[in-house]
There are 2 protein chains.
Amino acid sequence: MNSTRALEVLKEHGYKHTKQREKLLTLLDQHDDIYVSVKQLWEEFSEDFPGASYDTVYRNLYTLADIGILETTSLDGEKQFRFHCDTSDHHHHFICTACGKTSAIHLCPVEDVALSLPGHQIDNHKFEVYGKCPACH
Amino acid sequence: MNSTRALEVLKEHGYKHTKQREKLLTLLDQHDDIYVSVKQLWEEFSEDFPGASYDTVYRNLYTLADIGILETTSLDGEKQFRFHCDTSDHHHHFICTACGKTSAIHLCPVEDVALSLPGHQIDNHKFEVYGKCPACH
DNA sequence: GTGTTAAATGATAATGATTACGATCTAGGA
DNA sequence: TCCTAGATCGTAATCATTATCATTTAACAC
């Protein structure tokens with residue numbers, strides 16, 4: 001997923017193309033596969049839009065997550081955002097706790113778990129691995 | 001883990017035995033293997049200690065988690081607590097989103113993940129499965 | 001049992017993330 | 001160009017978490 005494609009998806013969902021959204025998507029593009037906090041994005045955003053409402057950044061990030069453009073996680077009680085991976089296969093992420101950089105993990109045990117929990121209805125799951133990426137290690 | 005053993009562990013760590021801590025542990029005992037929020041515990045706690053400080057419940061829960069008596073998770077941005085499992089083997093949890101009840105999951109893919117991420121230093125990981133338990137299903 | 005002291009609690013408020021709301025502005029179609 | 005729904009701004013409310021400090025209390029020595 002990238003900003004160009006994201007703008008199309010926004011349109012498909014009836015959302016308008018605004019300068020603010022374009023800027024926000026550009027920022028997300030720059031962070032590529034790195035999780036970024038609302039606060040950091042708002043700070044970067046404010047360089048181009050002085051006095052920008054925190055709510056604007058916040059609301060748009062949640063909108064983008066809602067329609068599947070972004071994926072989120074929560075680190076230390078703070079939500080983090082990044083573009084949703086393009087790959088169609090189900091996968092998870094290693095997350096570097098130093099820089100936020102992520103690496104895909106292409107194995108998931110949830111199928112096996114389902115077998116070991118008869119009578120349980122499984123709605124979703126979370127599997128994340130934390131540590132230091134090669135660059136930060 | 002139960003309240004009796006927990007009081008011993010508290011003592012081992014140099015913490016005092018107070019009526020409040022005893023009550024809190026009793027409450028956790030009653031919830032057994034169910035994740036409970038600070039707020040709910042504080043409400044139940046307040047029945048015996050009217051006007052109890054929220055901070056007392058909160059602080060003690062974090063202390064108990066620090067010394068390994070409790071384990072925590074975060075649901076909808078709210079921390080939840082339960083007694084740490086007695087079993088010494090590494091495991092994870094299925095969590096019922098309706099009642100908070102947990103079931104142990106005795107398989108973990110983190111070893112395999114480590115192999116697929118050369119150069120990464122893995123510090124910890126989170127694997128949780130959410131859904132409805134047999135009773136709530 | 002009494003006194004001492006460090007720790008715990010109560011009362012209150014600060015902090016930070018998230019969410020809400022009304023007024024104003026603007027994108028996009030008529 | 002005009003109109004209108006949607007977006008943004010400015011501000012503030014809400015909620016979970018954390019801090020502060022005076023008061024109380026558990027644990028220990030005597």
Side-chain angles (χ1 to χ4, degrees), chain A residues 3 6-28 35-67 69-70 72-81 100, chain B residues 3 6-28 35-67 69-70 72-81 100:
Chain A
S3 62
L7 283 167
E8 290 170 22
V9 178
L10 271 172
K11 191 163 196 175
E12 285 163 20
H13 282 80
Y15 291 101
K16 291 180 179 171
H17 179 153
T18 67
K19 291 189 296 289
Q20 287 90 339
R21 280 186 179 140
E22 190 173 340
K23 174 65 184 176
L24 196 52
L25 289 166
T26 303
L27 288 173
L28 285 160
Y35 272 115
V36 195
S37 68
V38 182
K39 197 168 145 198
Q40 184 177 344
L41 285 168
W42 175 74
E43 282 168 3
E44 295 176 7
F45 184 86
S46 296
E47 291 175 14
D48 270 28
F49 294 87
S53 177
Y54 188 88
D55 187 49
T56 297
V57 174
Y58 177 88
R59 207 173 354 86
N60 276 316
L61 287 172
Y62 275 70
T63 300
L64 291 166
D66 265 354
I67 59 181
I69 291 176
L70 301 183
T72 72
T73 190
S74 194
L75 299 178
D76 299 321
E78 196 181 16
K79 280 232 179 78
Q80 311 268 325
F81 297 81
Chain B
S3 62
L7 284 167
E8 290 169 21
V9 177
L10 271 173
K11 191 163 195 175
E12 286 164 19
H13 282 80
Y15 290 103
K16 292 180 178 173
H17 179 153
T18 67
K19 292 191 296 289
Q20 287 90 340
R21 282 188 179 140
E22 189 171 339
K23 174 65 183 178
L24 196 53
L25 288 166
T26 303
L27 288 173
L28 285 160
Y35 271 116
V36 195
S37 67
V38 182
K39 197 169 146 196
Q40 184 179 341
L41 285 168
W42 174 73
E43 282 166 5
E44 295 176 8
F45 185 86
S46 297
E47 290 174 15
D48 270 28
F49 294 87
S53 176
Y54 187 89
D55 188 49
T56 297
V57 175
Y58 176 88
R59 209 170 354 86
N60 277 316
L61 288 172
Y62 275 70
T63 299
L64 291 167
D66 265 353
I67 60 180
I69 292 176
L70 302 182
T72 71
T73 190
S74 194
L75 299 179
D76 299 321
E78 197 181 16
K79 280 234 178 76
Q80 312 268 324
F81 297 81

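The chains referred to below are lettered A, B, ... by the order of the sequence lines, with proteins before strands, and numbering in each begins at 1.
Taking atom CG of residue A:Asp76 and atom P of nucleotide D:dA16, one finds them 19 Å apart after rounding to whole Å. Per the geometry, CD belonging to A:Gln80 stands 11 Å off P belonging to C:dA17, to the nearest Å. Going from atom CG of A:Leu10 over to atom C1' of D:dT8 covers 15 Å, rounded to whole Å. Atom CG in B:Asp48 sits about 15 Å away from atom P in C:dT9, given to the nearest Å. Regarding B:Glu43, its CD atom lies at a distance of 10 Å from the P atom of D:dA16, rounded to whole Å. Per the geometry, CG belonging to B:Asp55 stands 18 Å off P belonging to D:dT24, to the nearest Å. The OH-C1' distance, from A:Tyr54 to D:dA12, rounds to 15 Å in whole Å. Atom pair B:Arg21:CZ and D:dA27:C1' shows a separation of 13 Å (rounding to whole Å applied).
Between A:Phe81 and A:Tyr62, the ring centre distance stays below 6.0 Å.
Using modelled atom types, no side-chain atom of A:Trp42 and backbone atom of A:Ser37 make a donor-acceptor pair closer than 3.5 Å.
Mapped onto DNA chain D by nearest heavy atom, B:Val38 and A:Ala52 fall at different nucleotides, with A:Ala52 at the one closer to the 5' end.
The side chain of A:Arg59 contributes no N or O atom lying less than 4.0 Å from OP1 or OP2 of D:dA7. The shortest distance between the side-chain N/O atoms of B:Lys19 and the OP1/OP2 oxygens of C:dA8 is not below 4.0 Å.
For A:Asn60, the listed nucleotide lying nearest its side chain is D:dT8; candidates were D:dT8, D:dT17, C:dT9. Across D:dC9, C:dT18, C:dG10, the shortest atom-to-atom separation from the side chain of B:Gln20 is found for C:dG10.
Of the residues in residues 11-18 of chain B, those with a non-hydrogen atom less than 4.0 angstrom from any atom of DNA chain C are B:Tyr15, B:Lys16, B:Thr18.
A heavy-atom distance below 4.5 Å is not found between the side chains of A:Lys23 and A:Lys19. Residues B:Leu28 and B:Leu61 are in side-chain contact: their nearest non-hydrogen atoms beyond the backbone lie under 4.5 Å apart. In this structure the side chain of A:Tyr54 reaches within 4.5 angstrom of the side chain of A:Val38, judged on heavy atoms.
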Can B:Lys16 and B:Lys11 be said to form a side chain to side chain contact (heavy atoms under 4.5 Å, CB included), step by step? CA-CA 6 Å; B:Lys16 292 180 178 173; B:Lys11 191 163 195 175; over 6 Å; no
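Residue-level contact check: B:Phe49 touches neither bases nor backbone, having no heavy atom under 4.0 Å from any strand.
Distance CG/B:Leu64 to CZ/B:Arg21: 7.5 Å, rounded to 0.5 Å.
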